[in-house]
2 protein chains.
Amino acid sequence: MMISTKGRYALRVMIDLAEHPGDYVPLKEIAQRQEISEKYLEIILKSLVREKFLIGQRGKGGGYRLSKTPDAYTVGSILRLTEGSLAPVACLNEKSEQCTRVHDCRTLSMWQGLDKLISEYLDGITIAELMASYQPGDNYII
Amino acid sequence: MMISTKGRYALRVMIDLAEHPGDYVPLKEIAQRQEISEKYLEIILKSLVREKFLIGQRGKGGGYRLSKTPDAYTVGSILRLTEGSLAPVACLNEKSEQCTRVHDCRTLSMWQGLDKLISEYLDGITIAELMASYQPGDNYII
DNA sequence: ATTTATCCTATAAACTTAGTAGGTTTATTG
DNA sequence: CAATAAACCTACTAAGTTTATAGGATAAAT
(Lines give C-alpha, C1' and ligand atoms only; values in the text may rest on other atoms or scores of the structure.)
Protein backbone atom coordinates (compact mmCIF):
# COMPACT_ATOMS: atom_id res chain seq x y z
CA MET A 1 0.00 0.00 0.00
CA MET A 2 1.63 3.13 -1.21
CA ILE A 3 -0.62 6.16 -0.77
CA SER A 4 -1.84 6.82 2.79
CA THR A 5 -5.07 8.48 3.86
CA LYS A 6 -3.19 11.74 4.19
CA GLY A 7 -2.45 11.92 0.49
CA ARG A 8 -5.84 10.62 -0.52
CA TYR A 9 -7.62 13.07 1.76
CA ALA A 10 -5.51 15.93 0.43
CA LEU A 11 -6.51 15.06 -3.11
CA ARG A 12 -10.17 14.91 -2.16
CA VAL A 13 -9.94 18.28 -0.41
CA MET A 14 -8.37 19.89 -3.44
CA ILE A 15 -11.10 18.49 -5.69
CA ASP A 16 -13.74 19.57 -3.18
CA LEU A 17 -12.43 23.12 -3.17
CA ALA A 18 -12.19 23.12 -6.95
CA GLU A 19 -15.83 22.10 -7.10
CA HIS A 20 -16.82 24.89 -4.69
CA PRO A 21 -15.16 27.97 -6.12
CA GLY A 22 -15.65 31.56 -5.08
CA ASP A 23 -15.80 32.20 -1.35
CA TYR A 24 -13.65 30.70 1.32
CA VAL A 25 -14.83 27.26 2.43
CA PRO A 26 -14.49 26.60 6.17
CA LEU A 27 -12.72 23.48 7.34
CA LYS A 28 -15.84 22.24 9.09
CA GLU A 29 -17.71 22.19 5.81
CA ILE A 30 -15.01 20.24 3.97
CA ALA A 31 -14.72 17.81 6.86
CA GLN A 32 -18.45 17.11 6.81
CA ARG A 33 -18.70 16.73 3.06
CA GLN A 34 -15.63 14.52 2.83
CA GLU A 35 -16.28 12.64 6.08
CA ILE A 36 -12.84 13.39 7.47
CA SER A 37 -12.15 14.19 11.14
CA GLU A 38 -11.78 17.95 11.61
CA LYS A 39 -8.63 17.67 13.65
CA TYR A 40 -6.90 15.38 11.21
CA LEU A 41 -8.01 17.50 8.29
CA GLU A 42 -6.44 20.49 10.00
CA ILE A 43 -3.02 18.85 9.79
CA ILE A 44 -3.44 18.14 6.10
CA LEU A 45 -4.70 21.63 5.29
CA LYS A 46 -1.85 23.17 7.20
CA SER A 47 0.70 21.51 4.95
CA LEU A 48 -1.22 22.54 1.84
CA VAL A 49 -1.29 26.16 3.04
CA ARG A 50 2.40 26.11 3.94
CA GLU A 51 3.23 25.10 0.38
CA LYS A 52 0.90 27.80 -1.01
CA PHE A 53 -1.41 25.26 -2.62
CA LEU A 54 -4.22 26.79 -0.61
CA ILE A 55 -4.93 30.16 0.93
CA GLY A 56 -6.24 30.06 4.48
CA GLN A 57 -8.28 33.03 5.58
CA ARG A 58 -8.79 33.53 9.31
CA GLY A 59 -11.73 35.01 11.14
CA LYS A 60 -15.43 35.01 10.52
CA GLY A 61 -16.31 34.22 6.93
CA GLY A 62 -12.87 32.73 6.51
CA GLY A 63 -11.85 29.29 5.37
CA TYR A 64 -9.79 27.87 2.55
CA ARG A 65 -9.63 28.31 -1.19
CA LEU A 66 -7.35 27.26 -4.03
CA SER A 67 -4.54 29.67 -4.79
CA LYS A 68 -4.51 28.68 -8.47
CA THR A 69 -6.96 27.31 -11.04
CA PRO A 70 -7.65 23.56 -10.83
CA ASP A 71 -5.70 22.79 -13.97
CA ALA A 72 -2.54 24.17 -12.34
CA TYR A 73 -2.32 21.35 -9.79
CA THR A 74 -1.13 17.93 -10.81
CA VAL A 75 -2.05 14.89 -8.76
CA GLY A 76 1.65 14.15 -8.51
CA SER A 77 2.50 17.51 -6.95
CA ILE A 78 -0.19 17.13 -4.29
CA LEU A 79 0.75 13.58 -3.42
CA ARG A 80 4.45 14.36 -3.38
CA LEU A 81 3.77 17.15 -0.92
CA THR A 82 1.62 15.16 1.49
CA GLU A 83 3.32 11.78 1.16
CA GLY A 84 6.83 13.17 1.21
CA SER A 85 7.88 11.16 -1.83
CA LEU A 86 6.37 8.98 -4.51
CA ALA A 87 9.46 6.81 -4.88
CA PRO A 88 8.48 3.13 -4.79
CA VAL A 89 11.68 2.13 -2.97
CA ALA A 90 13.81 3.83 -0.34
CA CYS A 91 17.00 3.94 -2.40
CA LEU A 92 15.39 6.26 -4.97
CA ASN A 93 14.52 8.78 -2.31
CA GLU A 94 16.67 11.90 -2.47
CA LYS A 95 17.03 12.08 1.26
CA SER A 96 18.09 8.48 1.90
CA GLU A 97 21.79 7.82 1.97
CA GLN A 98 23.35 6.02 -0.94
CA CYS A 99 22.91 2.24 -0.91
CA THR A 100 26.23 0.45 -0.48
CA ARG A 101 25.31 -2.18 -3.06
CA VAL A 102 24.66 0.28 -5.86
CA HIS A 103 27.76 -0.75 -7.80
CA ASP A 104 26.26 -4.06 -8.87
CA CYS A 105 22.60 -3.74 -8.02
CA ARG A 106 20.55 -5.91 -10.35
CA THR A 107 17.32 -4.11 -9.64
CA LEU A 108 18.15 -0.41 -9.66
CA SER A 109 17.19 0.37 -13.23
CA MET A 110 14.01 -1.65 -12.83
CA TRP A 111 13.06 0.51 -9.84
CA GLN A 112 14.02 3.67 -11.69
CA GLY A 113 11.77 2.61 -14.54
CA LEU A 114 8.88 2.08 -12.16
CA ASP A 115 9.51 5.40 -10.46
CA LYS A 116 9.48 7.24 -13.74
CA LEU A 117 6.30 5.51 -14.85
CA ILE A 118 4.46 6.45 -11.66
CA SER A 119 5.66 10.05 -11.67
CA GLU A 120 4.81 10.62 -15.30
CA TYR A 121 1.35 9.17 -14.83
CA LEU A 122 0.52 11.22 -11.73
CA ASP A 123 2.08 14.41 -13.07
CA GLY A 124 -0.03 14.02 -16.18
CA ILE A 125 -3.34 14.34 -14.36
CA THR A 126 -4.62 17.61 -12.93
CA ILE A 127 -7.30 18.43 -10.37
CA ALA A 128 -9.35 19.91 -13.19
CA GLU A 129 -9.46 16.49 -14.82
CA LEU A 130 -10.69 14.88 -11.65
CA MET A 131 -13.55 17.32 -11.15
CA ALA A 132 -17.07 16.11 -11.82
CA SER A 133 -17.77 19.17 -13.95
CA TYR A 134 -14.67 18.82 -16.08
CA GLN A 135 -15.52 18.13 -19.74
CA PRO A 136 -12.72 18.23 -22.37
CA GLY A 137 -12.18 14.47 -22.68
CA ASP A 138 -11.01 12.22 -19.88
CA ASN A 139 -7.38 12.29 -20.74
CA TYR A 140 -5.94 9.60 -18.53
CA ILE A 141 -6.29 6.01 -19.60
CA ILE A 142 -7.60 3.27 -17.37
CA MET B 1 7.52 4.36 0.07
CA MET B 2 5.78 1.41 -1.42
CA ILE B 3 8.02 -1.66 -1.48
CA SER B 4 9.46 -2.76 1.87
CA THR B 5 12.75 -4.55 2.50
CA LYS B 6 10.88 -7.83 2.57
CA GLY B 7 9.90 -7.56 -1.08
CA ARG B 8 13.22 -6.12 -2.13
CA TYR B 9 15.14 -8.82 -0.27
CA ALA B 10 12.94 -11.52 -1.81
CA LEU B 11 13.74 -10.20 -5.27
CA ARG B 12 17.45 -10.15 -4.53
CA VAL B 13 17.32 -13.69 -3.20
CA MET B 14 15.55 -14.95 -6.29
CA ILE B 15 18.13 -13.27 -8.51
CA ASP B 16 20.95 -14.62 -6.35
CA LEU B 17 19.62 -18.16 -6.67
CA ALA B 18 19.13 -17.71 -10.41
CA GLU B 19 22.77 -16.65 -10.67
CA HIS B 20 23.88 -19.70 -8.68
CA PRO B 21 22.11 -22.59 -10.37
CA GLY B 22 22.67 -26.30 -9.80
CA ASP B 23 23.09 -27.36 -6.18
CA TYR B 24 21.13 -26.23 -3.19
CA VAL B 25 22.37 -22.94 -1.77
CA PRO B 26 22.29 -22.74 2.04
CA LEU B 27 20.61 -19.78 3.69
CA LYS B 28 23.83 -18.73 5.36
CA GLU B 29 25.50 -18.29 1.99
CA ILE B 30 22.66 -16.14 0.59
CA ALA B 31 22.57 -14.06 3.76
CA GLN B 32 26.30 -13.33 3.55
CA ARG B 33 26.28 -12.52 -0.13
CA GLN B 34 23.22 -10.30 0.10
CA GLU B 35 24.07 -8.83 3.49
CA ILE B 36 20.73 -9.78 5.01
CA SER B 37 20.27 -10.97 8.60
CA GLU B 38 19.95 -14.78 8.64
CA LYS B 39 16.93 -14.80 10.89
CA TYR B 40 15.03 -12.24 8.86
CA LEU B 41 15.95 -13.98 5.63
CA GLU B 42 14.52 -17.16 7.07
CA ILE B 43 11.07 -15.58 7.26
CA ILE B 44 11.26 -14.40 3.67
CA LEU B 45 12.47 -17.76 2.39
CA LYS B 46 9.74 -19.54 4.30
CA SER B 47 7.04 -17.64 2.41
CA LEU B 48 8.77 -18.27 -0.91
CA VAL B 49 8.93 -22.00 -0.14
CA ARG B 50 5.30 -22.10 0.97
CA GLU B 51 4.23 -20.68 -2.38
CA LYS B 52 6.45 -23.15 -4.24
CA PHE B 53 8.66 -20.41 -5.67
CA LEU B 54 11.60 -22.15 -4.03
CA ILE B 55 12.40 -25.67 -2.94
CA GLY B 56 13.92 -25.98 0.51
CA GLN B 57 16.03 -29.06 1.14
CA ARG B 58 16.81 -29.98 4.74
CA GLY B 59 19.87 -31.65 6.15
CA LYS B 60 23.50 -31.68 5.23
CA GLY B 61 24.09 -30.43 1.71
CA GLY B 62 20.68 -28.86 1.77
CA GLY B 63 19.60 -25.30 1.12
CA TYR B 64 17.36 -23.58 -1.38
CA ARG B 65 16.96 -23.57 -5.14
CA LEU B 66 14.48 -22.19 -7.67
CA SER B 67 11.63 -24.53 -8.55
CA LYS B 68 11.38 -23.10 -12.07
CA THR B 69 13.63 -21.43 -14.62
CA PRO B 70 14.35 -17.71 -13.99
CA ASP B 71 12.20 -16.58 -16.91
CA ALA B 72 9.16 -18.17 -15.25
CA TYR B 73 9.12 -15.67 -12.38
CA THR B 74 7.86 -12.16 -12.90
CA VAL B 75 8.91 -9.39 -10.55
CA GLY B 76 5.22 -8.71 -9.98
CA SER B 77 4.48 -12.24 -8.80
CA ILE B 78 7.33 -12.16 -6.28
CA LEU B 79 6.45 -8.74 -4.92
CA ARG B 80 2.75 -9.55 -4.76
CA LEU B 81 3.61 -12.61 -2.70
CA THR B 82 5.90 -10.92 -0.21
CA GLU B 83 4.20 -7.52 -0.02
CA GLY B 84 0.69 -8.92 0.04
CA SER B 85 -0.56 -6.58 -2.64
CA LEU B 86 0.78 -4.08 -5.12
CA ALA B 87 -2.31 -1.88 -5.04
CA PRO B 88 -1.30 1.78 -4.56
CA VAL B 89 -4.38 2.54 -2.46
CA ALA B 90 -6.35 0.52 0.07
CA CYS B 91 -9.67 0.65 -1.78
CA LEU B 92 -8.23 -1.34 -4.70
CA ASN B 93 -7.21 -4.16 -2.44
CA GLU B 94 -9.39 -7.26 -2.87
CA LYS B 95 -9.55 -7.87 0.84
CA SER B 96 -10.56 -4.38 1.96
CA GLU B 97 -14.26 -3.75 2.34
CA GLN B 98 -15.99 -1.59 -0.23
CA CYS B 99 -15.50 2.14 0.25
CA THR B 100 -18.78 3.89 1.11
CA ARG B 101 -17.99 6.80 -1.15
CA VAL B 102 -17.54 4.72 -4.27
CA HIS B 103 -20.74 5.98 -5.88
CA ASP B 104 -19.29 9.40 -6.65
CA CYS B 105 -15.58 8.97 -6.06
CA ARG B 106 -13.66 11.38 -8.24
CA THR B 107 -10.39 9.53 -7.96
CA LEU B 108 -11.26 5.85 -8.37
CA SER B 109 -10.54 5.52 -12.08
CA MET B 110 -7.33 7.48 -11.63
CA TRP B 111 -6.19 4.96 -8.99
CA GLN B 112 -7.28 2.06 -11.15
CA GLY B 113 -5.19 3.46 -13.96
CA LEU B 114 -2.16 3.70 -11.73
CA ASP B 115 -2.69 0.20 -10.40
CA LYS B 116 -2.88 -1.23 -13.89
CA LEU B 117 0.23 0.64 -14.97
CA ILE B 118 2.25 -0.68 -12.03
CA SER B 119 1.04 -4.24 -12.40
CA GLU B 120 1.68 -4.38 -16.11
CA TYR B 121 5.17 -2.99 -15.68
CA LEU B 122 6.16 -5.38 -12.90
CA ASP B 123 4.52 -8.39 -14.53
CA GLY B 124 6.43 -7.62 -17.68
CA ILE B 125 9.85 -8.16 -16.13
CA THR B 126 11.21 -11.56 -15.18
CA ILE B 127 14.02 -12.66 -12.90
CA ALA B 128 15.89 -13.80 -16.02
CA GLU B 129 15.92 -10.22 -17.23
CA LEU B 130 17.37 -8.98 -13.96
CA MET B 131 20.26 -11.44 -13.96
CA ALA B 132 23.71 -10.14 -14.72
CA SER B 133 24.28 -12.90 -17.25
CA TYR B 134 21.06 -12.30 -19.12
CA GLN B 135 21.64 -11.14 -22.70
CA PRO B 136 18.65 -10.91 -25.12
CA GLY B 137 18.06 -7.16 -24.94
CA ASP B 138 17.11 -5.26 -21.83
CA ASN B 139 13.42 -5.26 -22.46
CA TYR B 140 12.16 -2.87 -19.86
CA ILE B 141 12.45 0.82 -20.47
CA ILE B 142 13.96 3.23 -18.01
C1' DA C 1 25.78 -40.54 16.07
C1' DT C 2 27.17 -36.24 14.46
C1' DT C 3 26.84 -32.50 11.64
C1' DT C 4 24.45 -29.31 8.80
C1' DA C 5 20.76 -27.40 7.47
C1' DT C 6 15.73 -26.15 7.21
C1' DC C 7 11.57 -25.37 9.84
C1' DC C 8 8.70 -23.49 13.72
C1' DT C 9 6.86 -20.42 17.50
C1' DA C 10 7.21 -16.57 20.02
C1' DT C 11 8.82 -11.95 21.25
C1' DA C 12 10.29 -7.11 20.71
C1' DA C 13 12.22 -2.63 19.29
C1' DA C 14 11.56 1.09 16.15
C1' DC C 15 8.94 3.52 13.09
C1' DT C 16 4.80 5.20 10.68
C1' DT C 17 0.04 6.18 10.40
C1' DA C 18 -3.96 8.22 11.87
C1' DG C 19 -5.90 10.68 14.89
C1' DT C 20 -6.97 13.67 19.64
C1' DA C 21 -6.89 17.50 22.88
C1' DG C 22 -6.72 22.01 24.22
C1' DG C 23 -5.47 26.38 23.66
C1' DT C 24 -4.03 30.95 20.78
C1' DT C 25 -4.51 34.26 17.24
C1' DT C 26 -6.97 36.74 13.70
C1' DA C 27 -10.75 38.85 11.39
C1' DT C 28 -15.58 39.95 10.76
C1' DT C 29 -19.94 41.66 12.22
C1' DG C 30 -23.64 43.39 15.05
C1' DC D 1 -16.04 47.12 21.24
C1' DA D 2 -17.56 42.67 22.34
C1' DA D 3 -19.05 38.42 20.59
C1' DT D 4 -18.28 35.01 17.35
C1' DA D 5 -16.31 32.20 13.89
C1' DA D 6 -12.69 30.82 11.88
C1' DA D 7 -7.69 29.38 11.06
C1' DC D 8 -3.44 28.33 13.47
C1' DC D 9 -0.23 26.05 16.86
C1' DT D 10 1.96 22.60 20.10
C1' DA D 11 1.84 18.50 22.13
C1' DC D 12 0.32 13.89 22.88
C1' DT D 13 -1.31 8.99 21.92
C1' DA D 14 -3.25 4.62 20.26
C1' DA D 15 -2.75 1.24 16.85
C1' DG D 16 -0.57 -0.94 13.26
C1' DT D 17 3.47 -2.24 10.39
C1' DT D 18 8.14 -3.16 9.63
C1' DT D 19 12.24 -5.25 10.73
C1' DA D 20 14.04 -7.90 12.92
C1' DT D 21 15.84 -11.46 17.21
C1' DA D 22 15.88 -15.77 20.21
C1' DG D 23 15.75 -20.41 21.01
C1' DG D 24 14.66 -24.53 19.90
C1' DA D 25 12.58 -28.84 16.92
C1' DT D 26 12.98 -31.58 12.91
C1' DA D 27 15.08 -33.73 8.94
C1' DA D 28 18.68 -35.59 6.00
C1' DA D 29 23.30 -36.81 4.73
C1' DT D 30 27.85 -38.72 6.07
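Chain letters run A, B, ... following the sequence lines, proteins first and then strands; every chain starts at 1. These figures come from a predicted structure and were not determined experimentally.
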Can you list the steps and then say if A:S119 with A:R80 is a side-chain hydrogen bond (donor to acceptor under 3.5 Å, both in side chains)?
-> CA-CA 9 Å; A:S119 273; A:R80 225 172 263 112; 3.3 Å; yes

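- Rounded to a whole Å, the OH atom of B:Y40 is 14 Å from the P atom of D:dT17.
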Would A:S133 and A:E19 count as a side-chain hydrogen bond (donor to acceptor under 3.5 Å, both in side chains) if you check the C-alpha gap in whole Å, the side-chain angles of each, and the deciding distance to 0.1 Å?
-> CA-CA 8 Å; A:S133 56; A:E19 289 179 355; 5.9 Å; no

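- No side-chain heavy atom of A:E129 sits less than 4.5 Å from a side-chain heavy atom of A:V75.
- Residue-environment remark: NZ (B:K28) stays at or below the threshold of 12 foreign heavy atoms within 6.0 Å.
- In the 5' to 3' direction, nucleotides of DNA chain C lying under 4.0 Å from heavy atoms of chain B begin and end at C:dT4 to C:dT9.
- For the pair B:E35 and A:R101, the salt-bridge criterion is met [side-chain N within less than 4.0 Å of a carboxylate O].
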How does protein contact run along nucleotides 2-14 of chain D, one letter per nucleotide 5' to 3', with B for base contact, S for sugar-phosphate only, - for none, heavy atoms under 4.0 Å?
-> ---BBSBBB----

N/O donor to acceptor pairs below 3.5 angstrom from side-chain atoms of residues 55-67 of chain B, sequence neighbours left out:
| residue | atom | partner | partner atom | Å |
| --- | --- | --- | --- | --- |
| B:S67 | OG | B:K52 | O | 2.7 |
| B:S67 | OG | B:F53 | O | 3.2 |
| B:S67 | OG | B:Y73 | OH | 3.2 |

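- Sparse packing is recorded around CG of A:D23, with 12 or fewer heavy atoms of other residues, nucleotides or ligands lying under 6.0 Å away.
- Ion pairing between A:E29 and A:R33 holds under the 4.0 Å rule for side-chain N and carboxylate O.
- OP1 or OP2 of D:dT18 has not a single side-chain nitrogen or oxygen of B:T5 nearer than 4.0 Å.
- Atom CD1 in B:I3 sits roughly 11 Å away from atom P in D:dT19 (whole-Å rounding).
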